Protein chains: 2
Amino acid sequence: MTATARTPGGRGRRAARSTGDDRQLAILATAERLLAQRPFGEISVDDLARGAGISRPTFYFYFPSKDAVLLTLLDRVTEEADAAAGDVLVRLAEDPRARWRELIHRFHETFGAHRAVVRACAEVRGTNAEVRRLWAAVLERWVQAVEAAVVAERRRGAAPDGLPARDLAIALTSMNERVWYATFAADGPAVAERDVVDVLLDVWLTSVYRGAVPPAG
Amino acid sequence: MTATARTPGGRGRRAARSTGDDRQLAILATAERLLAQRPFGEISVDDLARGAGISRPTFYFYFPSKDAVLLTLLDRVTEEADAAAGDVLVRLAEDPRARWRELIHRFHETFGAHRAVVRACAEVRGTNAEVRRLWAAVLERWVQAVEAAVVAERRRGAAPDGLPARDLAIALTSMNERVWYATFAADGPAVAERDVVDVLLDVWLTSVYRGAVPPAG
DNA sequence: AGTGGAATCGACACGGTGTCGAGGTAGTAG
DNA sequence: CTACTACCTCGACACCGTGTCGATTCCACT
């Protein structure tokens, strides 16, 4: 198991040792570079291949399709986001306002740093079931974490009862997703990038604590 | 000007009088029918043409592209939604809670009735600039209406100050869009269709009135 | 009967995807 | 220093969907 199964979900094809890895990486790098310049749909397999210094058929030795490249990129970003979120939510009681803000802020940073990838994923989510599934899984994880945090805040008496915690978590998570997308992709009415964290935070706090100031534990 | 310029944005090509209109309508009907069965990307111009009883080249006599058909469909839906929303927001002071609910409820009904079209638009919004533009314009109109309503509620002392009204309007509108999409298209974590109006309403009310009960004027 | 524009479609060119099979190339074992 | 093997590479091909062109038919109104 020295150099096998390098890619997360087995998205790539390599299971071997040496120079081929460079090419795999080169394809990924080319993809992220081109994605910063033009939409995913306007990038062909040929562009990716040439960018990595190989021919189009050779591309298929490394990835089964153009979409698979994007999927690998998405894997990376979501992993990074999960890591960035860390355990903020279990330390909520320390200082609720600061912790919620930290959570939102960290996601903001991560997605902002990879906006090209996020944008591309939104672009193909409609077309590609694989991307849709992966993205849905990420959201589901986040929703569950938020739901648990809301339940905990209610249990310790910091937040009053109200909507079912899961529904609230879904609504707030969905809001963030859409608002970030509008901001990063400049698609539709958008909040200024500078303000977006605080705007989101305000809606989160008012709807979780219902006007009450969240008390520290 | 008896039968000229029938389509809203000049999406279709017809500018003539008789039988061709049937075909135009047939194409639209075929599109909406097929959209209920499979995603937009899996419907070819040929499918649309055959469904309307014409050949593929003839399709191009009526519409410049597949996307133009969808755009026409979207035009219809947004017109319907605007009509359904009507003047609820200017009558907010009568009974704020009931009026906000009415607004959300009516959009819910309209989009729910045309979920296939909404879904398809989300699918191509990433690819098609025209759809993106039209959808953004619709959102912008809604955002402005909500912003004005929030300002009015604050001015009459019903709602306390807080976030800039426009930012709040954007956040709430975005939330609705994404939550509805998840519910209607079963894409990602979703609120049950039965509950969604009340869940959204709750977040709207708490973040606009900040815990206070909205008083009637 | 004849003219003009509406409506129709066969045939074509194009561009992108994915596959196949025929190579090269580099280590390793005899 | 061969020859085997698994990795790696690409030219050529088949396929599919889009959009266009030019020829043709149909019909209403001279």
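This structure is a prediction, so every number in the text was calculated from the model and none was measured. To find a chain, count down the sequence lines: A is the first, B the second, and so on, and within it residues start at 1.
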Go through the structure and list residues passing side chain to side chain donor-acceptor pair (under 3.5 Å) with B/Trp142, not counting sequence neighbours. none
In a table with atom names and distances, give each donor-acceptor pair under 3.5 Å that connects a side chain of residues 28-37 of chain B to protein atoms at least two apart or in another chain.
from	atom 1	to	atom 2	distance (Å)
B/Thr30	OG1	B/Ala26	O	2.7
B/Thr30	OG1	B/Gly51	O	3.4
B/Glu32	OE2	B/His114	ND1	3.4

Integer-rounded Å distance: D/dA6 P and A/Phe61 CZ: 13 Å
Tell me every residue that passes side chain to side chain donor-acceptor pair (under 3.5 Å) with B/Glu102, counting only those two or more places apart in sequence or in another chain. B/Arg99, B/Arg106
Select one nucleotide: of C/dA7, C/dG18, D/dT9, the one nearest the side-chain heavy atoms of A/Ser65. C/dG18
Among D/dT9, C/dC9, C/dG18, find the nucleotide with the atom closest to the side chain of A/Tyr60. C/dG18
At a heavy-atom distance below 4.0 Å, what parts of residues 36-53 of chain A sit against DNA chain D? none
Residue pairs passing the side chain to side chain donor-acceptor pair (under 3.5 Å) test with at least one member in residues 192-201 of chain B, sequence neighbours excluded, are B/Arg101-B/Asp198, B/Arg115-B/Glu193
B/Phe59 CZ to D/dT20 C1', straight-line distance once rounded to whole Å: 14 Å
For residues 42-51 of chain B, which residue pairs pass the side chain to side chain donor-acceptor pair (under 3.5 Å) check, not counting sequence neighbours? B/Arg38-B/Asp47, B/Ser44-B/Asp47, B/Asp46-B/Arg50
Just the atom pairs and distances: protein N or O near nucleotides 11-14 of chain D's N or O, under 3.5 Å.
none

Under the side chain to side chain donor-acceptor pair (under 3.5 Å) test, which residues partner A/Trp100, sequence neighbours left out? A/Tyr209
Nearest 0.5 Å, please: how far is NZ in A/Lys66 from CD1 in A/Ile27? 14.0 Å
What's the CD1-P distance between B/Ile27 and C/dT8, to the nearest Å? 9 Å
Nearest-angstrom distance from the residue atom OH of B/Tyr62 to P of D/dG19: 18 Å
To the nearest angstrom, how far is A/Phe63 atom CZ from C/dT19 atom C1'? 19 Å
From D/dC7, C/dC9, D/dC10, nucleotide with atom closest to A/Thr58 side chain: D/dC10
Nearest-angstrom distance from the residue atom CD1 of B/Ile54 to P of C/dA6: 17 Å
Rounded to the nearest 0.5 Å, what's the gap from SG on A/Cys121 to OH on A/Tyr181? Could you check? 10.0 Å
According to the salt bridge (charged side-chain N to carboxylate O under 4.0 Å, His left out) rule, which pairs have a member within residues 176-187 of chain A, sequence neighbours left out? A/Arg125-A/Glu177, A/Glu177-B/Arg178, A/Arg178-B/Glu177
